[in-house]
**Q** 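Here it is: the structure, laid out below.
Being a predicted model, the structure only gives us computed values, none of them experimental. Reminder, nothing fancy here: chain letters follow the sequence lines and each chain counts from 1.
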Amino acid sequence: MELRIDWTRVERCRTLASAIVEPVEEFIAAHSTVSVERAALRLLGVDGVTADEVPAPNAIVDSLSETGLQSGVALAFGKALAETGLDPAALGEALALGRYALEDFSQTPEQAARGALRPHVEAALTRIRAQREDRAARMARLPQLPPPLLYVIVASGNIYEDRTAAVASAEAGAQVIAVIRSTGQSLLDFVPFGPTTEGFGGTYATQANFRIMRGALDEISEKLGRYVMLTNYASGLCMPEIAVMAALERLDMLLNDSMYGILFRDINMKRTFVDQHFSRMLNAYSGIIINTGEDNYLTTADAVEQAPAVLASQFINEEFAHRAGLPDAQIGLGDAYEINPDIEDSFLNQLAQAQLARQIFPNAPLKYMPPTKHMTGDIFKGHLIDAMFNLTSVMTGQNIHLCGMLTEATHTPFLGDRALSLENARYIMNTARHLGEEITIKPGGAIEGRAAEVLEGCEQLMERVAAMGLMNAIDAALFADVSRAPEGGRGYEGVFARAADYFNPFEDALRSAVAPVAS
Amino acid sequence: MELRIDWTRVERCRTLASAIVEPVEEFIAAHSTVSVERAALRLLGVDGVTADEVPAPNAIVDSLSETGLQSGVALAFGKALAETGLDPAALGEALALGRYALEDFSQTPEQAARGALRPHVEAALTRIRAQREDRAARMARLPQLPPPLLYVIVASGNIYEDRTAAVASAEAGAQVIAVIRSTGQSLLDFVPFGPTTEGFGGTYATQANFRIMRGALDEISEKLGRYVMLTNYASGLCMPEIAVMAALERLDMLLNDSMYGILFRDINMKRTFVDQHFSRMLNAYSGIIINTGEDNYLTTADAVEQAPAVLASQFINEEFAHRAGLPDAQIGLGDAYEINPDIEDSFLNQLAQAQLARQIFPNAPLKYMPPTKHMTGDIFKGHLIDAMFNLTSVMTGQNIHLCGMLTEATHTPFLGDRALSLENARYIMNTARHLGEEITIKPGGAIEGRAAEVLEGCEQLMERVAAMGLMNAIDAALFADVSRAPEGGRGYEGVFARAADYFNPFEDALRSAVAPVAS
Amino acid sequence: MSRVVKPYGDTQDDGKVQLSFTLPIEWSETADEAARQLVSRMGLHDVQVVEGRRIASGFSFFVLYASTSQSVDVEAIKLPSARAHAMTMDEIDAFIAERLGRKIRIAGACIGTDAHTVGIDAILNMKGYKGDYGLERYHMFETYNLGSQVAVEELVRFTKEHRIDALLASQVVTQKGSDVTNFTALSELLEAEGLRDRIALICGGPRVTNRLASELGYDAGFGRGTLPSEVAAFIAVTLAERLRHAAARV
Amino acid sequence: MSRVVKPYGDTQDDGKVQLSFTLPIEWSETADEAARQLVSRMGLHDVQVVEGRRIASGFSFFVLYASTSQSVDVEAIKLPSARAHAMTMDEIDAFIAERLGRKIRIAGACIGTDAHTVGIDAILNMKGYKGDYGLERYHMFETYNLGSQVAVEELVRFTKEHRIDALLASQVVTQKGSDVTNFTALSELLEAEGLRDRIALICGGPRVTNRLASELGYDAGFGRGTLPSEVAAFIAVTLAERLRHAAARV
Ligand code: B12
Ligand code: B12
Ligand SMILES: Cc1ncc(COP(=O)(O)O)c(C=O)c1O
Ligand SMILES: Cc1ncc(COP(=O)(O)O)c(C=O)c1O
């Protein structure tokens, strides 16, 4: 059911995306953030918390002077490594407990620091590569069900209940499990520590929680004979650190959007741009598929009106991702089924939009988000809206399919809700498996017309954004009707200009390992 | 979404249908049944019951000698009319109460009888015409919602609860209300009398119940500004009588199949053929749309295998209907969504079948029956199967749409079930209203292939039926895997050969009013 | 040993239950509250009316979630299962040949005015159900399928005439308790005719449970999803037991 | 006068209710029976387990229909409705001008870590909700929308500083009772700061009911489907009443 598309417009949009992203990339190259630095420490093996429950990476980065920070924490930490002869984990603990201070070692020559770091950097990258290879081996051995990948969320607030839920979902047909974070975590400028059992509307993303979940899913994957993927959320104030944890614990996907935090969490844009870049380089190296958050445009604003903005955001996310070295196969661009279900022919518009994304991004594993905004307590109607979403997905060949819940308006999913939801997806996708291949879209009809309209609107929007620059465009509320100032929002204090001697061994290593992709 | 169809095959099927029906029509012309005779009495105005609760029409027909019967009850009754000077209702009562006996008047000349009957025959036909005109006027004044006509059943067993349910359904969007009959009524060789409050799995079809329901629906039609139709079941041992009641009480549709009773209720085939003919002539005259029962083939046997038999039955029902004077616009041919929902691409097969019927019978108001057989106690899944049925219906332009119930496997519908069901239909049909127009079917693809296969299978089946004759074919279990002997089954004792002086003034009047339609 | 369980929403023992129903009242905030109170009276707490709306004049529909404080001890459930004797067709035939040494005579019907024969056919017909052969296919059964809408009197007459060993009655329509009425009529008539003790009396249908069957004085009841071999095994084992008891009494 | 109603299936007072839930047990006939018993213990009768199946190891899902013997007297429900004062925007503005003679100062926020602003925005923003204008559009309101994830302390500070007359708190996330926790924290802090009596304190969110609000010591609570004008009318009437009472006391 191919649409005829004006490909010159598509090319123009890609050119515009590059023009839009280029200046931001220059800013990124000249800056770092506290979270990038903490991520470097985590990669080296620093973990744990202080007596006051402050995570060691935070304690250490916060202990740096401003100039110390501007050179990158790796340098100071490397010096201490060289002097103390401790391994990074032990050193991190000692620093966190205040047994040493980084400034004690400021006189150590840079070369010694680099030398001391080298084996640990290598070790970290080796660990990540090992996880990547392990994943590849498991996926080859434990093949997945026919596409799309059915994706469900667990969100009880308690990692152990989540584990039960995840295993049950996998048995019921889920191919991807996402552990939704507690409200507020994305605004924390640190990553909580250890297994957690208390969250609201979700469960904290901690490395221990990642590990518990990965262990359970590995076990059930073996039992089921198919690899079940795990995902979590990076976007927020700690994108780089969560990317590290995900790499180490073999998550398979990660929510990672170049603008989500800015628009939807009022996180400073400069902070977000720098953070997303580093975290995406890591994602690229880890073989993790990112999931972008275009669905969020549609939860507050009207889905018909916002369709061009969604497409524009997909182009921009793609460009940022390419620049961070992510190949198409790892760019899970988002879209959502959020048009008011009571509009006549709304299904046709949904089809148009989904198929348009499919054709414009043929190699991206598109991530399709379910209806949420128009879901109500009428679970019976909700189940039907989900069915039409499932139908659209299978007709247009989406890849990552977040299953809608009939109880969307009521509570984070119950175990039984997830079973019904998976059954919904399986039934619809099976009964209409090859429908998309057996029909053609009427040339010049309503569906093609809608697709053309969206593409045209997208191009116009991107022209405006390119003309004023991305940061000013966001300031001017060109995305999601939200205005964010370049210096406003949370976490701006954590952004800093790199000194001339700024040093981040991981960035260097990743840059040579994951080359930017030409869009 | 037109299918390319081999029209020479379609023509061949129509030729075969004519060849199949022709000999049966000869049989019909030479016979009558007790129910046809009772229908004549009812048309004349005979009603009520004897002291033993035997309906007056039964008591009177049963009182005739064999030869008396063979001349038609009208003759004997006409003689009594002439002699007593009573009006038919009063005469009927007097006969039922045993105050007179028909044989008392056997010496009266035939001419006197005919003369006495004439005004009452005229009056009956005038009443029916008046109802037909009343319907037309109401429908013009109170226009219906966009097609298809949403049709729901009420079946509490109690006509007063049914009335509540019918009004509520109309408010919730129903355009047609069917009152389902109690189990067993189709095997009764009489029609129960008066309002009834006790039925099992349905409510008795009585003239009083018809009237109660029609009254309630007329009232709500005015309130809603759209005419709500009423329907009930004719097929069974009393097809002609129920056709009379429906004509008099202004029902708008009637289940009336030329073979249903034979195959699914083990009613004698000769009885059924004669009865369906007379009842359909009446339906034609009353402007009542018949609904045929092809869906029943699919409730016991496999829907994929039986598809050719369904189509064959549609051709045969069409031919019988045409011979009884029904124009296409009054022939609601049945089909159903009964393929196992868990078969891959089952939706494609359903589309193929529904669209095939649509194109072969372009002027017939197709009646599309919902999934029943594969519905289970899992009401959530059931609601989804109904949704795909709804989608098929709107895509292929079905006309009369019997709404599926999520509780199909559990109970006759609750008031709330019907509301959910109507909401399901409305949502799906609205969100995908013009989908059928916006797509084309891949030439030579799976959908077209399936349609061609069904048509071919149908032709083959009809060749066999034509070769052996319809009665023998039914004996040989060529339909629905059920074998019925020409002289077997219920009600055969009520079939009789017409004597040379057989007289049925209604048949004569109807034959000249409703001319057979050329297929 | 006991194992007490509660409904599971997303947390062990949260007791979460979903409900829906219609109330014969016009929708309003008060109607929502009426729905809430009604569910509270069922002993549920944390009642949330997540949907309440008018579906017709004078009728409102509600969807609710709530927590029950009730629980049930799964280990304490003593359910005499009619499906307990898993055997294959060949095993059952061999078992009958050995223990009874003769064919078992079986009659089945859909009784009363019920015409839903698919279920009883699934049990009796050669073809069977879900790949499990029907009773007609067994060497050691002689099977009579009387079809649909068979009056209880007729079935009892047939049982007497054909010296039936096992009688199978089906009921699918359950509205206004018509199934219970017909099942009861059958067992009472058999009793009255002095036939009850001689036969294995079995009922079935989608709403039948073995518990209901014993309440009605049947030897067993089979519900949705029954396989023919489950019924066959039950008949074989039951009649063999009877023979053993009868032998013991001699 | 009383009007006692029961759920309506297809017959007046049949009491029919649909339920579904998950039990943490492997599916079997016994599991069906456990589900049945559980629902019986809720005081329901004629319990029918129409669906029971395994959804994962150790978990089964059930759908049931049953009849409740409970009923509820609709006339006896005394529900202080927060939505009782139907007025248009112009009427409300006029009412405030006449009764209070000054603008009402309103602050609204989504409190705690909750970021769901769509609901409170629907009430406050110009644009409003379902064609009903938001409070910002009223001449006689001066409105501050503090947005999302506003700490209770910050909101109370703001209330004091800006001499707020009516405070609107929203909570959409309700998991583990976080909504009740945050609402309670807010009202307690206002109390502690001596501000509570001076303001109209209002909460809202999809799971809020006016009943819950009064339990938590709020003046009113607004749930799903609330229109801005309903809130506006409540604020106007409540503050006018207070003024009258205060005047009376002088
Ligand atoms: C097919 C069907 C029909 C066909 C029946 C064809 C036939 N020859 O059987 C037709 C179209 C004729 C029909 C008609 C009617 N039907 Co009907 N029908 C159904 C339907 C769709 C499927 C039933 C079925 O075949 N199930 C498949 C079989 C294999 O399952 P089963 O019966 O449960 O049998 C299994 C077990 O229960 C068990 N079993 C069953 N019997 C026995 C007996 C013994 C001894 C044993 C050991 C085991 C056993 O073994 C079987 C295999 O596992 C159901 C809805 C549904 N989806 O369930 C409605 C349904 C049963 N019908 C219903 C009704 C009301 C009717 C009518 C009365 C409607 C009307 N007024 O016109 C008519 C009248 C028929 C009559 N006189 O009885 C209602 C019954 C409501 C109720 N609970 O009272 C249902 C539930 C639909 C509804 N929701 O309204 N129906
Ligand atoms: C949109 C949405 C989002 C958007 C929010 C964007 C935004 N700026 O608001 C985004 C995508 C960001 C989001 C995120 C999350 N969400 Co959210 N989200 C929703 C969704 C789809 C719709 C909510 C909505 O906008 N409703 C429309 C408005 C108009 O309705 P309303 O809020 O009820 O408001 C009306 C009335 O209640 C009332 N009202 C509301 N507040 C007030 C206040 C006052 C004073 C008054 C008078 C009246 C009033 O008036 C309004 C108009 O009538 C719901 C699901 C659903 N369909 O309901 C989930 C839902 C609310 N989200 C949920 C969750 C868990 C989350 C997350 C925590 C998930 C996660 N872990 O990542 C995050 C975190 C957000 C956070 N920190 O709080 C859950 C909450 C579960 C629960 N009951 O606890 C829901 C129910 C989804 C689910 N089933 O899991 N979400
Ligand atoms: C891209 C992206 N990142 C992160 C999140 C979750 O963020 P938070 O924890 O702030 O709700 C979302 C939520 O939808 C998202 O789309
Ligand atoms: C054509 C037709 N007539 C009549 C009936 C109802 O007949 P009975 O009352 O025998 O169930 C049906 C049932 O589906 C039917 O399809």
**Q** Test A/T412 against D/V173 for side-chain contact (heavy atoms from CB on, under 4.5 Å), laying out the working first.
**A** CA-CA 9 Å; A/T412 52; D/V173 176; over 6 Å; no
**Q** Heavy-atom distance under 4.5 Å to chain D: side chain of A/R418, backbone, both or neither?
**A** neither
**Q** Got a second to check how far A/S156's OG is from D/K176's NZ, nearest 0.5 Å?
**A** 5.5 Å
**Q** Which atoms of A/E423 are under 4.5 Å from chain D, going by heavy atoms: the side chain, the backbone, both sets, or neither?
**A** side chain
**Q** Nearest 0.5 angstrom please: D/Q175 CD to A/T183 OG1, how far?
**A** 9.0 Å
**Q** Taking everything shown except D/F158 itself, do over 12 heavy atoms lie less than 6.0 Å from its CZ?
**A** yes
**Q** I need the D/Q171 CD to A/F200 CZ distance, nearest 0.5 Å.
**A** 10.5 Å
**Q** side-chain contact (heavy atoms from CB on, under 4.5 Å), that's the test. Do D/Q149 and A/R490 meet it? Break it down for me.
**A** CA-CA 12 Å; D/Q149 303 192 310; A/R490 290 159 163 125; 4.0 Å; yes
**Q** What's the spacing between A/D417 CG and D/S20 OG if we round to 0.5 Å?
**A** 8.0 Å
**Q** Counting neighbours of CD on A/E219 that are heavy atoms of other residues, nucleotides or ligands and sit closer than 6.0 Å, is the number greater than 12?
**A** no
**Q** Keeping the roles fixed (side chain from A/E171, backbone from D/S57), state whether a donor-acceptor pair exists under 3.5 Å.
**A** yes
**Q** Measuring heavy-atom distances to chain D, does A/L187 have an atom under 4.5 Å in its side chain, in its backbone, in both, or in neither?
**A** side chain
**Q** Checking heavy atoms, do the side chain of D/R224, its backbone, both or neither come under 4.5 Å from chain A?
**A** neither
**Q** Give a yes or no on whether D/H45 atom NE2 has more than 12 heavy-atom contacts from other residues, nucleotides or ligands under 6.0 Å away.
**A** yes
**Q** How far does OG1 of A/T164 sit from CZ of D/F59, to the nearest 0.5 angstrom?
**A** 6.0 Å
**Q** Among A/G199, A/G201, A/A168, A/A172, who wins on heavy-atom pairs under 4.5 Å with chain D?
**A** A/G201
**Q** Which answer fits A/A419, side chain, backbone, both or neither, if we ask what part of it has an atom under 4.5 Å from a heavy atom of chain D?
**A** side chain
**Q** Distance from D/D121 atom CG to A/T300 atom OG1, nearest 0.5 Å?
**A** 9.0 Å
**Q** For chain D, which of A/L422, A/L420, A/T299 has the most heavy-atom pairs under 4.5 Å?
**A** A/L420
**Q** If you count every heavy atom of other residues, nucleotides or ligands that lies below 6.0 Å from D/E26 atom CD, does the total exceed 12?
**A** yes
**Q** Name the region of D/T113, side chain, backbone, both or neither, that has any atom closer than 4.5 Å to a heavy atom of chain A.
**A** both
**Q** What part of A/A170 gets within 4.5 angstrom of chain D, counting heavy atoms only: side chain, backbone, both, or neither?
**A** neither
**Q** List the atom of A/R265, the atom of D/A115, and the distance in Å for their closest heavy-atom pair.
**A** NH1-CB, 3.9 Å
